[in-house]
Each structure stands twice: as C-alpha cells, then as structure tokens.
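This report refers to the structure that appears directly beneath it.
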Amino acid sequence: MPGVEDWMNCPLNIIQNLFDQNGQNVTPTQVKEYFSKKLTGRESLAWIPSLNDIPVHNLRPNTIVKYRCMIQDMFDPELYLGVYEVNDVQTGQKSLKCGKYKDIAECTPQQIVNMESSENKPMDRQTFYCVPIPGEADWVKLAYANQNVSDHGASSSQSRLKRPLEDDQEKRGEKHSNNQNGDVNMEAESLQQNNCPNQANGSNGTGVRSGTNCKPDLNHPLPGETGLTCLVKIYDDVDTFKVNDVVEFIGILSVDPAMAQFPDSQEGEEFETPEERQAHSPPPSLVPRLHVVLYNKLNHDNPLLPPLKTDSAYTEALSSLQSNIVNLRNELISVLEYSLLGDNLAAEYLLSHLISYVYGRADVMPLGKLSLNLSNCPNSRYYGGLMHRLISAILTKSHLLPMTIENMNTMKLIPKKDIKANRLESGILQLSDNTQLLIDETLLQTGQLNPQGVRNVTALGNLITWQKVEYDFNFHSQPFSTNVNVLILSEVKSLLPSDVQVPLNKKLTTDNIQEHFEQLDSRLTTEFLNKLRTYITLTHTMDYSVSEDLQKIIQDDFVDSRKDNPKAMTIDDFHALLNLLRLQTLSHCQPNPTPEMWNKVKTMERERRERLTQAAPTS
Amino acid sequence: MMNNDVDQRLKEIQREYLDFLDDDEDQGVYQQKVRDMISENQIRLTVNINDLRKKNPKRAASLLNECFEELIAFNRALKELVASADPLHAKQHEEFFVGFEGSFGAKHVNPRTLTSRFLGNMVCLEGIVTKCSLIRPKIVRSVHYCPATKKTIERKYTDMTSLEAHPSSAVYPTKDEDGNLLETEFGLSVYKDHQTFSIQEMPEKAPPGQLPRSIDIIADNDLVDNCKPGDRVQVIGTFRCLPGKKNGYTSGTFRTILIANNIQLLSKEVAPLFSADDVAKIKKFGRQKNVDVFEALAKSLAPSIHGHEYIKKAVLCMLLGGTEKILENGTRLRGDINVLLIGDPSVAKSQMLRYVLNCAPRAIPTTGRGSSGVGLTAAVTTDSETGDRRLEAGAMVLADRGIVCIDEFDKMSDMDRTAIHEVMEQGRVTIAKAGIHAKLNARCSVLAAANPVYGRYDQYKTPMENIGLQDSLLSRFDLLFIVLDKMDPDFDRRISDHVLRMHRYRSAQEQDGDALQMGNSVSLLATQDPDKERNEEQETPMYEKYDALLHGATRSKKDRILSMEFMRKYIHVAKALKPSLTREAAELIADEYAKLRNQDNLAQDHIARTQPVTARCLETMIRLSTAHAKARLSKTADLQDAQAAVELIQFAYFKKVLEKSRRRKQPDDSEEESQDEVEQAPTPKRKKKSRASKQRPPLKEGEEGYDPYDFESAESTASEDETPESLEESRKKRRKSKGDDDTAMETDETATSKGDKPKISDDRLKAFRSSLFNVFKAAHAQSLELDKVRIEVNKDRLGDEFKDEEIKAAVDTMMDANQIMLSDNVLFLI
C-alpha cells in the first residue's frame, strides 16, 4: 500500500497542508474526515502500529499509531498555541503554522517562533492519562497483536519471543508475575536513561526530589500490572469521554525528548509542586504523548468480534452461534461443572453470573447484576488462582483479589485524589465496565482490620450492592457508577454481601486440585475457547423482553407463593428471580423467556435454598 | 506617538471611572464606601458591577472583556479619589485595588466551563479550595545603597501576575553600572503578601462520570489567607495565561491562572434557587384544601419503595424537623427528629436511607460496622510527624444541621453506641482528652436502620426483645418502626407489577452510568442577590412525568408523585418555618402523654410497646406536630397536627405480639364476648381505624380532646385479643388519675357542646357525667341498668334531680362521644 505510508508517516505535513488550504484554519472535524476516509474498514486499521504491542523506541515519532486503553485520569484543560507565527531569521519572512497535534511549537533551525505575534491563537485541548485496560486477559492482548499487519520487523519478532514465555506462565497458574512485563519496563528505563542522562544525573546530583525516585509511579489500577501508559490529548468531543471508558485512540505519537522535565529548572516552580510536575509531564520516553485524530469507543474488548454491533461480521457471528448454542452451552456447563467439582447447579449459576452486567438503574438500584458467592469452596490456596485462570481464558477482563487481612489493610482499593500532585491515584476498584472481579475469601484468616481495612471492606460491599465506588476527593467523595461483576469464593457465607449464595455440593473428590484442573486443559482447545469467548460477549449485547402473558404468570406466581408464607419470597428474592430468568434466557441466546424457563429458574432457586438450609446447621 | 495615544486613552478611561466613583451628587454610595475603606484602613474597594453597568454600560462591558487595561485605570482612579479625600492615607499605601461583585452572566463559570475564550476577561469562578500555598513575601520595590558612590538606587519589580503588561527583569541588583557593590536596604524595600491556591469544581456540578477539574488562583496583598482548603469559594478575577517557556525551548503550551480581585466564601448550605413561580406553586400547594398536603408529600417520598406510608411520613417529619428551643439557662431542646427502622432483611430499609441521602441537603452516610463511636462523634488524634494533637470531626459533627444515616446500627458495639448518646440528645460533642477540651456542635437528625437481634423478627417475642438495644438509647429515638414483610395479595401484586416493570424498562437515551440528575440545577449566576436579576432558569415541574410503562396504569391523576426538585424546594421553604403550638394541640398532647405513660404499666403478652415511654416522648409529640404543621406551611401547630403526631406515635410505639398457638387461651369467658360487642366489633386493621378517626371533621375536635377513653378504644381495636382483665385494670388506673384530667376536660367541654343538639345544659351534663362515673365506680361494674342508674344518680340530689329527658339527652351526648353505650336499657361503660 504505497498510499498508506504517506499519511501514516507524515501526518503533521498533511495537517499543515490542510491548514494552509483552509486559510489558516483547520478544525478537528476536517482532520477527522481526512483520516477516517483513509481508514475505512478494519483492514486498514490493522496497518497502523499499536502502542500496546510495540515498544515506543521501535516507533517513529510523529507517525500515526493506535492505542487501546482505559481513561484513568482527566487532567485540567491545557492551553496551547493553535496557530503560531514563525519568522525566518535570514529573510525575515513570516509564515503561520498550525500548532495542533503537536506538543512543541517547532520550526526549522533558520526560523524562530514569534511568541508576541498578534496572529498567535491560544486554544484549549484536554489531556487524559490513559493506562492499558486493567485486567485484560492475555489472550486478548495476543489476539489484538496478531491482528496487526506490522512491518516493524524488530519489534514483532521481539513480541513473538515473549509470547511462549507468557503461555508458560499461564500454565503454571501464576498470573501476576511481572517478569515478562518487567522486560518492557527495564527497556523503558534504560531507554530513558540513555535519552536524558541529564535527568538521571540531575536528580541524583541535586537530590531535589528526595523520596521520589526518577521513575514516576505509572498509576496502574491493578498492582503488578505494567504496560505502556500514555498522555492522550483530545481536541474535540471532550465531554463525551468519561473516566474509566475504554477507547481505542488513533493519533500522532509524540516523544520529543525536549518535553522531559529537568529537576533543576526553577520556572513555574511557583505554581507547580515537584510532585505535580512529575505526574503531569513525565519523561516522554516513559509516557509518550498521543495527539488524537480519531477514536473508537469500545463497547467490548473482544478481538474476535468487530467493535460495532451493526457490522455484518457481527450478525454472522451471532447467527452461527445461535445455530449451535445448545451444544456449546452444554460443553461450557460441563467445563464449569468440572471446575466446580461436579456441581451442576453451581455451574448454571456461575454461567449466569459470568454473562451478567448492569443494564440500567432504577433510582439508586442497579439492575441486571448477579453477584455470586460460591461457598463451601475447597480449602486449597490454589483454588482461587485456578478458577481465575479458567475464567480469564473465557472473559476479556478479570482480576483476582485475594482477600487476606493484610491485603485489606494495605491495598488501595478506592481511587483517591492526590491534591499535591493534582492527579487521581488509582485503586484496584477503578475498573472498566464488564470487568470480572474474583474475590478469594478462602484465604481470609481472623485478624484485626485497621481503619483502611474497614474502608476497603465497606467499599467492596458498596461496589457489590450499589455498583458504585466513592472516589475520595479529600474534602468530599464522589460516587462513580461501575459495572463490575463480583464473584466471591469462600468456605462459609461470605463477609461481603452478594445477590446469590450457592454452597458447592462437591461430587468429585480430588487430592490434588492442580492436577484436577490440568485435566481440563486438553478440553480447552483454542478453537473451543474462541467460541466461548464470542458467546459470552455476544450475550451482553442481545435484546431482551418479557411477553405480557409471561408477566401475568410471573405475577400470579409471586402472589401465590406469598399467600401462605410471606417469607417464601421476599421482594429481593423476586428481583433475583427475574434477574436469573433474564440471564438464563440470554445464556440460551434467546430474546424472550418462556414459561418453561421460568419454571426452570424457580427450580434452580428452590434447589439452592434447600442447600442453604441444609448448609446452615452444619456451619 | 503610539504610546502617547495609549496614555491619552488610559487617562480618558480613568476619568470615567473617577466619575463613577465620585457619585456625590447621585446617591453617594461609593463615596461613602471609599470613606469607610479609609477609616477601616483598608486598600480594597468592592464595586458592584451592576452599578457600573447602570451608570456606564460601555465601561462595564470593556471591563469584563479587556480587563487588564481597565483595571489599571480603575485602580488609579481609586487612588486619585482616595488622595483627594485623605492624602495621608493615600501616602501610606502604595496601591489601591478594586474588587468586584455582582452579576457576571456568561462570565460566571466553574473550572470546567472556563475555556480559552475567557483569556483576558474578568470572570467569576466557583469551586472548592483544594490546596493553598504558604504566604510568601514578594518584593515590589527594593532599595539599594552604594557605599562607594553614596547613591541609593530604587528598583520596582513586576511579573506576569501583575497588571502591568511588561514584566520587569527579575534580577536583583548587586552591582551598579560601574561594578560598585550595592547594599540592600531591607527596611526600605517594600514587599507584598503573595499566595497561590487551587480550586476544584464542586462535586455537585461535575457531570456524571467526569472527574472534577481545577485551576490555580493567585491572591495578593489583602486577599491572602482568605480561604483554607475545603472551603467553597467564589473568586472574581482576571483569567490569563503564562507562557510555558521551559528549558530554553518554546513549548506550545501555557499555564493558565486566575488573578483574584475578590474572594467570597460561599456558605456550606446549598440553597436551592427559587423563582417567583416556584414560590407561588409552593404556596398554592401548601394551601390546598381538598388534599392532605402532608399525605401527598409523604407519598412522593421515595416513590420507588412501595408502601410503608407511616415510615415515609416519619422520614418526611425528619426532613422537616421540629422547632429547636434554647432555654435561658442554655438548655437546648432539640428539634431534630431521630428515627430508627428495625426489620427483616430486604424490606427496603437501606433503600430508604439511600433516598434520604440523595434528597436531604446535607446527609452523611455511615454504617454501624464501618464506624466506631469516635468515628461518629469526634476524635483526638496525634500527628505522626509533629506529635501535635488534632481534633478530627466525625460523621455526626460533619452533619451538623443535617442528617446522619447509620445503616446496620445493630452491628455497632455497645461501647460505640454509648458514644452517640450525648450527641443525639444534646446535639453536641464534648471532648476532654489529651489536653483538649472542646465542644463541637453536632445538631443532626439520626436515621438508623437495624436488623432485629435474631436476624429476623420473631413474632413471638416482644419488640424490646427483638430490638435488643438499651432503653437509654431507644428513648432518644423519636420514632421506632418495625418493618415487617407482610402478607397481602393485593399489595404483593402491586409490588410484583412494580418490580417487573423495573426489570423490563429501559429508556432509550439513558445509558447505564448516566447518574441521576440530582441537585445539579442549583446554579447562581450572580455573586449575590439572586432575586433581583436572575435569568429565569428552568421551571421546576411540580409533578413527575407520568410514564405508563414505568409507573403502570394503577396511578390515577389524583395521586401524582411530586417531582424530587419540587419536594426539595418545598421542604427547604417549610423547614424554615417556626410554628408554635396552640393550646388545643398542647392539651391533646398532654392527654395523650398521660395515657401513654399509663399504658406503660399495661405490658401484656399481646400488645407491647416498642420503646420506653419517657418524658422525651412528650417532646417527640411536640416535635412531630410542629413538623406536621411545617408541612402545611402553617404558622401554628393546630389540633390536626397534634392528631397526626399522635397517630404516628401510636403506630410506632405499639406492636402486636403473636401468642404461640399452643398457649392460646380459649375464649371461655362470656364477658369477653360481650366486651367485644361493646367495642363495636373491632376492625382487624388498625390503619382503617386510624383513618376513620382522622376523617372526623375538626368541628368535633373538642370531643376528641375531651375524652381520653376515645383513644383507648382505638388502641383496643388494634389489640383485638386484649384480655378484659387488663382492660379493666387499666381502666381502674385511669380512674385514679382522672383528677388530673379533669381540668383538661372542663376547658374542652364548652367547645364541645356549643353546637350540639341535646336539650341539656352544659352544667347539667357535667354534673350528670361525674355522678354517672361515680355510680359506675361505686358499683365496680362495666354495665348498669338504666333505671338503676337513674336512681343512683338522683340519690344525692334533692330538688334538682335529672329529669328523664335530661338523662336521655345526656346519654345521647355521651354516646356520641363514645363514652358510654346504651343497649336494651343497659348502660355500658366504654
């Protein structure tokens, strides 16, 4: 594709041309139009190198790149020179330049920028601090990377090299070892030291920033996560973005080393604390800048499906899924059943849980969520990890939170505004929509919670019940809606609230839980897994409605069951039942529930309650 | 030449400003202000931009748009005026400043809406102060002396933050042109105070899902230290950018700052903005004759929660609050109403709390598990670094004049619960710890939710056993509700309909995550006096939009739900009223209290009270009736308010206890049956009964006030299985205490019989009644034959015996009043 190279490699020239053509004025819409014309279809998008896969030093600055991320923080608006005047030193010739999509007002060595010119126009742009999607499964990353037709030989071979390693790690069930990601980090670090030795020396020499090392905290929501973070500059539609949105940005990469901050520079000292400066302008080699020309908001993070529901490939996938849903579902249930030690009922609940999400809110009540508490879990410290491994192979985003006293007391769950540095310090609960959170309570021992621990447990409880996280802004807290599925593994009823508690009824016994799970691996072929992944994502976008007739039946049922004993069905139970009905229907890929489904759901609930009452005396 | 022109223009502008300030021949407002400023030895004059706009619209417009030049001229004009008024004062100070207030219209912004469009403009910005720098001296003028040449050099400094267009060199001279060393005369140099702080968008104004933004402010001279972190402020100043020249390269970015010329603290109360239309609507709604305003309001509270009307009423009372009284000796009678909800899991207790949090102007949530006693009140902590002692305010102190919502109240340890005893009654936290003695105000209402002791409410145990909290704490709650899951097919059907609809409904526009718009419309466009010139903001709809899909077809037009915004405004207005108790109401309350106290001894196994009746109960009734009066926007708490209060109390204080079936007594007693008859075959539902008693027109109020027995009948209806023995017992006691009630009776009686038909005079009726009661008492019986009564009554009366028709009329009157009942010529005492 010869045409591609041009706009991909020198986008700034194109913008400058547009600027000249339109009489010293270029709107983001025009730029957007130009580039979206070039980028029709997924295929052309595949040509663009992705910041997620390729290390920054292998990319050329000022070229078009793409970046898949979550918006972690929104900085204050930035004022920049939208139009500036440059004067040629020798000829004195004046010309106007477009300052959009770049960090620095540049000019050729023979020119100087005239800051005092009346032609200069200041404009606003918005900066977002973006992090790679927290909890994104490895298969998602891999699949996205493989989609890219990348001709950056060095980088792709490097990334190939890393994959097998990663897979090995996955096999061992060790999810959060940092080795592999550490590489990237070390590269970045060494790079940074090469690029700006001044900085390293400066900070060591003067010791201005005692206590803060040279490398700023990159503010990943999940501990142990690394990966390239990025300062994304937005020029239009700023208000459509929300914090924690998952977006694919396409824009111009800017890594000019001149933007690195020097600790001994005193300018601006008055208004910026050193912490703030460090947070807002980290060295570009570590945190590159991306000037956005186009963006796609991602409704789901599944590389196996096109991002838009209207895409023809999407409907194809849906119809092919519907044709063999029965087999697929049975297979999945049997896998889950095996992992839950042969408990079919729990497997059904787990499936419903996995496809649940908040689809709306009535007043303050979130609708559609089904948080699940699997109690009576095997008392093995590997079980949580193994379950998480299985779930992360099916879902796009997940995180395992081992709930120990120590973790609760020390971990940062709630995002908090750091006023000194003027940024939002991330916490584990800052997750994008449809992320699966697996809380392993089997590890919880008795002990003393400190105030932080109490706050954390409360925050988890609020997340589960109201699907809200109260971000801490020091002087006040502000609730942010979330959409996070919470699965709790515990030995007895969990400390945390949940919509449904299912005590496991272990039918299979195994001495070695790890071996037990290894036997699953042969069944989980990539092909099968891909089907499951597509299936789960598709259920999220399906329509659902209840027919009038069935509504009548449901109502009568409710009234009847309460006639004899109001405790038989409380309003909460009713909510849960309706929810379960919805999820079960969707799990069969059907848009409307049937009376049979209603009966099945009722039977499920009845069975579950029987178990609960049986479990109660023993516990 | 150019320079001259500019100077000429500046002079012209300066003259216009001087004209504005020198308003002696007009009203002399600013003359007076300048004089005040001089006498108070200040250097800043606050000018209302509206005044300037009236007098010189051109200047006002350019002041807002090209503020640097104009401000210089204005400041100079002020200095000129001061110099003419008081030359001495003018000499003392280098500069004088003008601050602004008034309506800024489109220039009234918050950190989100402050864009590059406003560069160089004067804007009014609102937000929360997040961080403040130290106050540093900034040199304005340095004086240097050169020992070699014996000359002094003066140098002035300006930087980008001052109004002058060109910053001077920041270099501090150490040598003169010839290289001679200079000495700085520190005593002669002039410095000014300088501070920077950041303000952040107010949380209620940030759009949902977006992080709040912030901006840096520069405050000089007298403006420093005017605010501290956490304050809500309004800053008027000039918006400008500083070039971002860093490390020798020209970055294309700038730093933006606001140079303040006036800082005003906003009160923490967020008062909704009222339009004339709103006020009219509120008045109209409050004065409605055909609708019970209180009921209508209560119904609109938390419409997503079905039923629980009494609880909603109580919550409404809580939101409105009673009247607080501070006695001369400093004792405070609280006006805050505390409510405790106890009940089974999943009866929407938490949801009710959540609603109050969203609806009340200031409400703070905590959970029993998540907070310790000190966390609720206040704690003395030691700073880990400096070792300083600090006082940290807890939730209840933070919620001063607001509401604290405590969920899972039962999960709190007893120790911690004790800590809030003082707060709940006194509205104050006393700290005497670690060398700190302090009293903090914590005048808040408490809304608590708890589960019963056994997790679920045990019908066979008394409420007290179920609640399992100390009496001392319980008595501090004005109302305690036991919320149970009830059986009622109709009700169930409505609930299921409601729930189903919720699960089916999804509005097209509302994506998940779009938070509820609550309280976002509170936005003032002027620094003060919003009533004068306010852009007509959106009309507050009185009722929620009716949505057939969401609300179902069950709702008739009559019981429409009031919109949340209207509710807030209404409550805000109503809350400010201070109704006083009328005499009738006071009497009713006194009566009722006496009765409640009596029933205290009437503890049996069928009906039991939920909380102890103490003197606090009397205050509770007063508070509730004033709250009810507030709901009607009435200045007096009348009888109907007292009745409503009593009704609430009756509902909240008593709870039927089921008897285990095996212990159930057989109704062998024939007397019991006759008793039932006398009690007019009690209706099974107390709700109906109470409604009936309410519907009685106020004309008969005297009656209700008159006879304490009347209410007892209402109670006994509720307690249908009450044993006759106990009734008898209580009655005996009542009779003993009758003496107390007599006075009350007498006053009421005149009112009673005024319009009545019977042909018996009031005096005679009274006489008859007392003799009749004596007769009953003497006979120790519940029923007597009429003939016998006639004889007995007239026994001691010689000459003025009651005639037959008199007796008949008297009996009729008393029957109307539900005191006695005549059947087959036998009189029954009710």
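A, B, ... follow the sequence lines: proteins, then strands. Residue 1 opens every chain. Values reported hereafter were calculated over all heavy atoms of this structure, with side chains retained and with hydrogens, waters and symmetry mates removed. What you see is a predicted model, and the numbers here were worked out from it, not measured in a lab.
- Proximity to chain B (any heavy atom under 4.5 Å) is restricted, for Phe241(A), to the backbone atoms N, CA, C and O.
- Tested against Leu211(B), the residues Phe128(A), Phe480(A), Phe75(A) include a single side chain to side chain contact (heavy atoms under 4.5 Å, CB included) partner, Phe480(A).
- With a threshold of 4.5 angstrom between heavy atoms, Ile71(A) does not approach chain B through any atom at all.
- Per-residue heavy-atom pair counts under 4.5 Å with chain B were compared for Asp557(A), Asp245(A), Asp556(A), and the maximum is reached by Asp556(A).
- Within 6.0 Å of NZ on Lys297(A) lie more than 12 heavy atoms contributed by other residues, nucleotides or ligands.
- If you measure heavy-atom distances from Ser214(B) to chain A, the contacts under 4.5 Å come from both the backbone and the side chain.
- Counting heavy-atom pairs closer than 4.5 Å to chain B, the top-ranked of the candidates Asp76(A), Asn244(A), Ile554(A) is Asp76(A).
- When the ring pair (Phe, Tyr, Trp, His ring centres under 6.0 Å) test is applied to Phe118(B), no partner is found at least two apart in sequence or on another chain.
- Side-chain atoms of Asp124(A) do not come within 3.5 Å of backbone N or O of Thr115(B) as any donor-acceptor pair.
- Here the shortest heavy-atom pairing between Pro212(B) and Lys417(A) reads O-NZ, 4.3 Å.
- Listed by chain and residue number, nothing satisfies the ring pair (Phe, Tyr, Trp, His ring centres under 6.0 Å) test with Phe197(B) (two or more places apart in sequence, or in another chain).
- Within the 4.5 angstrom heavy-atom criterion, atoms from both the backbone and the side chain of Gln555(A) approach chain B.
- Per-residue heavy-atom pair counts under 4.5 Å with chain A were compared for Arg112(B), Arg213(B), Arg117(B), Gln200(B), and the maximum is reached by Arg213(B).
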